[in-house]
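Have a look at the structure below before the remarks.
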Amino acid sequence: MIIDFLSNVFFNILSSIQEFSILSFKAFLNVFKRPRYVKETFEQIDIIGVGSLSIVILTGFFTGGVLALQSSHTLKSFGAVGLTGQLVALSLVRELGPVLTALMLAGRVGSGIASELGSMVVTDQINAMRALGVDPLKKLVTPRVVAAIVVTPLLTGICNFFGLVGGWIVSLFELKLRTSLFWSVAFHSLSYNDLIGGISKPFFFGYIVSMVGCYYGLSTRGGTKGVGKSTTKAVVAASILVIAADFFLNKLLIELIYY
């Protein structure tokens, strides 16, 4: 019984990976095929980018503030409170900015994509599109994936900036550091390689969040109850994959860029 259960789990995982890979490949090929649905792509850029702006700003601001507040006690023991700007800048740009932005998008955008596409599946709107000769993957999946890949690096940059602002405010009023000291240390600590690493990862994270949302949305079964399950699965899977991908991307960047 245990062997049968494990074998079923193993084959289900392989089947899911295969379906996800095929969906990703088709979505990629649709970028080079007509019609390209440019209008739908810009609509998704507005929904994903502008709609997620407030939550990304708040996340970055308070994360930078917490970094400055918590690190000050450790830095004081070494007499290096003046390096608070460096710690905040490197932590945000290299790691926390891209990951936290992706996790926020997984909770907001990934769930939204999964619930929207799942609702279209259970109400037979996807089948209706096929009956009318419209490719649902080209019209629904590709614009969302392209929009997420374009917008995620921009949102990450905004998250990093407001994180630095949050760290500066805490350093100014709590640690009594001069504004010029904080910003000069923060900017001089960042190198060209740090910026490349911090901007390259969001492209992969945007792809993961959007594709996972599309996959679980199109795989919805079981009516409205199935929509809820697909939404939950999309958020959980996207969050886990973002964290796992961050580990492997960091390993790759350390080998190629940082050393």
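Keep in mind the model is a prediction, meaning the values are calculated, not measured.
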For F187, ring-ring contact (aromatic ring centres under 6.0 Å, His included) partners two or more places apart
W183
Spacing of CD1 belonging to I47 relative to OG belonging to S52, to within rounding of 0.5 Å:
10.0 Å
According to side-chain contact (heavy atoms from CB on, under 4.5 Å), who are the partners of L53, at least two apart in sequence or on a separate chain?
I57, L155, I158
Set of residues satisfying side chain to side chain donor-acceptor pair (under 3.5 Å) with respect to K33, sequence neighbours excluded
none
Partners meeting side chain to side chain donor-acceptor pair (under 3.5 Å) with N12 (sequence neighbours left out):
none
Of all pairs that satisfy salt bridge (Lys or Arg N to Asp or Glu O under 4.0 Å), the ones with a partner from residues 123-133, not counting sequence neighbours
none
Spacing of CG belonging to L256 relative to NZ belonging to K251, to within rounding of 0.5 Å
11.0 Å
Which atom names give the shortest non-hydrogen contact between T101 and C159, and what distance separates them?
OG1-CB, 3.4 Å
Let's go through L117 and M120 carefully: what are the C-alpha distance in whole Å and the side-chain angles of both, what is the deciding distance for side-chain contact (heavy atoms from CB on, under 4.5 Å) to 0.1 Å, and is it a yes or a no?
CA-CA 5 Å; L117 297 185; M120 296 181 71; 4.2 Å; yes
For Q86, all residues meeting side chain to side chain donor-acceptor pair (under 3.5 Å), sequence neighbours excluded:
none
N/O donor to acceptor pairs below 3.5 angstrom from side-chain atoms of residues 160-175, sequence neighbours left out:
| residue | atom | partner | partner atom | Å |
| --- | --- | --- | --- | --- |
| N160 | ND2 | T156 | O | 3.3 |
| W168 | NE1 | T179 | OG1 | 3.0 |
| S171 | OG | G167 | O | 2.8 |

Nearest heavy atoms of S189 and A89, plus distance in Å:
OG-CB, 4.0 Å
Quick check on the hydrophobic clustering: are L103 and V235 connected, directly or via other members, by side-chain heavy-atom contacts under 4.5 Å?
no
Partners passing side-chain contact (heavy atoms from CB on, under 4.5 Å) against T220 (at least two apart in sequence or in another chain)
V122, V227, S230
Measure the CD1-CG distance between I208 and D246 for me, rounded to the nearest 0.5 Å.
9.5 Å
Tell me whether F20 shares a hydrophobic cluster with V109, the cluster being built from Ile, Leu, Val, Met, Phe, Trp, Tyr side chains joined at under 4.5 Å.
yes
If you group Ile, Leu, Val, Met, Phe, Trp and Tyr by side-chain heavy-atom gaps below 4.5 Å, do L83 and V93 land in one group?
no
side-chain contact (heavy atoms from CB on, under 4.5 Å), that's the test. Do Q18 and I22 meet it? Break it down for me.
CA-CA 6 Å; Q18 181 183 24; I22 293 174; 4.0 Å; yes
Drop me the distance from M104's CE to S54's OG, to the nearest 0.5 angstrom.
11.5 Å
Would a hydrophobic clustering, with Ile, Leu, Val, Met, Phe, Trp and Tyr connected at side-chain separations under 4.5 Å, put F62 with V99?
yes
So do the side chains of F182 and R178 get within less than 4.5 Å of each other, counting heavy atoms only?
no
Got a list of side-chain donor-acceptor pairs under 3.5 Å for residues 138-148, not counting sequence neighbours?
| residue | atom | partner | partner atom | Å |
| --- | --- | --- | --- | --- |
| K138 | NZ | R34 | O | 3.0 |
| K139 | NZ | E40 | OE2 | 3.1 |
| T142 | OG1 | A27 | O | 3.3 |
| T142 | OG1 | L137 | O | 3.4 |
| R144 | NH1 | L140 | O | 2.7 |
| R144 | NH2 | E116 | OE1 | 3.1 |
| R144 | NH2 | E116 | OE2 | 2.9 |

Say you draw a straight line from CE of M211 to OG of S21; how long is it, rounded to the nearest 0.5 Å?
9.0 Å
Going through the distances and angles, do M129 and D135 end up as a side-chain contact (heavy atoms from CB on, under 4.5 Å)?
CA-CA 7 Å; M129 292 178 65; D135 185 359; over 6 Å; no
Does one hydrophobic cluster hold both F25 and V31, with members joined at side-chain heavy-atom distances below 4.5 Å?
yes
Name all residues meeting the side chain to side chain donor-acceptor pair (under 3.5 Å) criterion together with Y207; count only those two or more places apart in sequence or in a different chain, and write none if there are none.
S24
What is the distance from atom CG of L87 to atom CG of L67, rounded to the nearest 0.5 Å?
6.5 Å
If you link I, L, V, M, F, W and Y whenever their side-chain heavy atoms are under 4.5 Å apart, who else ends up in the same group as L154?
none
Minimum heavy-atom separation for F205 to P98, with atom names?
CD1-O, 3.6 Å
Do L253 and K201 come within less than 4.5 Å of each other through their side chains, counting heavy atoms only?
yes
Sorted by chain and residue number, the side-chain contact (heavy atoms from CB on, under 4.5 Å) partners of E19 (sequence neighbours excluded) come out as S15, Y215
Verdict with reasoning, V81 to L177, per side-chain contact (heavy atoms from CB on, under 4.5 Å):
CA-CA 8 Å; V81 182; L177 291 180; 4.1 Å; yes
Heavy-atom closest pair, residues S210 and G206:
OG-O, 2.8 Å
